[in-house]
Amino acid sequence: MQFMGCPRNSDLRGEKMKLIIQIPCYNEADTLEIALNDLPKHIEGIDAVEYLVINDGSTDNTVAVAKDWGVHYIVSFKRNKGLAKGFMAGVNECLRQGADIIVNTDADDQHGKRRFYKLFINLEISVFTIKTIRKDAMVKLFCV
């Protein structure tokens with residue numbers, strides 16, 4: 001997969017560009033690995049692709065699946081707080097971890113690989129424009 005239209009942060013700020021894909025989960029142990037396996041591991045033009053799982057109070061093995069797979073970051077709630085709170089906690093953690101681009105996708109893989117790749121093709125020009133106009137990379141959030 002290529003992300004050719006987007007200038008790299010190294011061109012704009014002297015830093016690398018990092019994408020974090022966040023996945024909110026509530027009892028998704030059966031499907032999380034399938035979804036993770038469908039996500040890109042490398043995207044040309046992006047220096048780092050990392051993964052964050054939001055465990056929204058799961059009572060199954062969701063966290064163990066994420067750890068075994070090698071997810072970079074896990075945000076866990078002791079009890080279910082709902083998608084909106086999980087989403088925002090994930091965004092906040094992604095920003096703390098230095099994400100330049102944040103993509104939210106589902107643990108049940110309902111969007112699948114094709115839709116994820118389409119997102120990047122369609123946003124290529126938008127991200128190029130954002131990064132060119134805003135040298136501080138203020139706009140960081142895109143959702144699948």
Side-chain angles (χ1 to χ4, degrees), residues 1-29 31-58 61-78 80-144:
M1 174 176 186
Q2 296 183 343
F3 200 55
M4 296 169 46
C6 183
R8 296 164 52 121
N9 271 7
S10 57
D11 298 335
L12 300 176
R13 300 185 317 189
E15 298 175 13
K16 293 185 174 189
M17 179 174 275
K18 181 193 281 192
L19 161 69
I20 298 180
I21 302 169
Q22 73 168 23
I23 308 170
C25 296
Y26 179 68
N27 293 331
E28 299 287 358
T31 59
L32 180 58
E33 185 175 8
I34 296 165
L36 287 165
N37 288 336
D38 267 355
L39 295 176
K41 313 303 181 264
H42 173 76
I43 300 171
E44 190 172 327
I46 304 283
D47 298 293
V49 177
E50 297 179 353
Y51 312 94
L52 177 137
V53 163
I54 301 110
N55 171 35
D56 193 10
S58 297
N61 293 324
T62 296
V63 172
V65 170
K67 286 180 180 178
D68 290 347
W69 193 87
V71 166
H72 299 86
Y73 314 103
I74 299 173
V75 174
S76 282
F77 297 143
K78 291 182 181 184
N80 185 273
K81 293 188 177 188
L83 184 59
K85 288 194 188 246
F87 177 84
M88 290 311 300
V91 167
N92 288 332
E93 184 61 23
C94 288
L95 293 174
R96 271 194 291 278
Q97 296 299 332
D100 295 294
I101 301 171
I102 300 167
V103 174
N104 189 77
T105 193
D106 290 317
D108 62 4
D109 202 31
Q110 74 175 349
H111 297 306
K113 193 183 297 188
R114 285 184 170 195
R115 183 150 180 219
F116 190 89
Y117 288 110
K118 254 183 155 174
L119 170 77
F120 275 89
I121 291 165
N122 293 335
L123 289 177
E124 188 173 326
I125 299 302
S126 298
V127 173
F128 177 83
T129 303
I130 290 164
K131 291 287 188 175
T132 302
I133 294 170
R134 295 199 57 108
K135 304 292 189 214
D136 61 354
M138 190 67 164
V139 177
K140 296 187 177 194
L141 178 64
F142 299 107
C143 298
V144 173

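Nothing here was measured: the structure is a model prediction, and the numbers come from that model.
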| With side chains defined as the heavy atoms from C-beta onward, is the minimum distance between Val53 and Val75 less than 4.5 Å? | no
| query | Who pairs with Tyr51 by ring-ring contact (aromatic ring centres under 6.0 Å, His included), at least two apart in sequence or on another chain? | reply | Trp69, His72
| Ile23 versus Leu52: any side-chain heavy-atom pair under 4.5 Å? | no
| Roughly how far, to the nearest 0.5 Å, is CD1 of Ile34 from CG of Leu39? | 12.0 Å
Tell me which donor-acceptor pairs under 3.5 Å the side chains of residues 82-95 have, and how far apart each pair is, sequence neighbours excluded?
{"residue": "Asn92", "atom": "ND2", "partner": "Met88", "partner atom": "O", "Å": "3.2"}
{"residue": "Glu93", "atom": "OE1", "partner": "Arg96", "partner atom": "NE", "Å": "3.0"}
{"residue": "Glu93", "atom": "OE1", "partner": "Arg96", "partner atom": "NH2", "Å": "3.0"}
{"residue": "Glu93", "atom": "OE2", "partner": "Gln97", "partner atom": "NE2", "Å": "2.7"}

| request: Please list, chain by chain and in numerical order, all residues satisfying side chain to side chain donor-acceptor pair (under 3.5 Å) with Glu33, sequence neighbours excluded. | output: none
| field | side chain to side chain donor-acceptor pair (under 3.5 Å) partners of Asn55, counting only residues at least two apart | value | Ser58, Ser76
| request: Could you tell me whether Asn27 atom CG has more than 12 heavy atoms of other residues or ligands within 6.0 Å of it? | output: yes
| request: Return the minimal non-hydrogen interatomic distance between Met17 and Ile46, and the atom names on each side. | output: SD-CD1, 3.5 Å
| Where is the tightest heavy-atom contact between Asp106 and Ala35, given as atom of each residue plus distance? | O-CB, 3.8 Å
| said: Could you check whether any side-chain N or O of Asn61 sits under 3.5 Å from a backbone N or O of Ala29, counting only pairs where one atom can act as donor and the other as acceptor? | reply: no
| message | Show every salt bridge (charged side-chain N to carboxylate O under 4.0 Å, His left out) that has at least one partner inside residues 61-71, sequence neighbours left out. | response | none
| field | Non-neighbouring partners of Asn80 that pass side chain to side chain donor-acceptor pair (under 3.5 Å), sequence neighbours left out | value | Asp56
| Close side-chain approach of Ile54 to Gln22, heavy-atom, < 4.5 Å | yes
| said: Does Ile74 form a side chain to side chain contact (heavy atoms under 4.5 Å, CB included) with Val63? I'd like the steps, not just the answer. | reply: CA-CA 8 Å; Ile74 299 173; Val63 172; 4.2 Å; yes
| task | State, to 0.1 Å, how close Ala107 and Pro24 come at their nearest heavy-atom pair, and which atoms those are. | result | CB-O, 3.9 Å
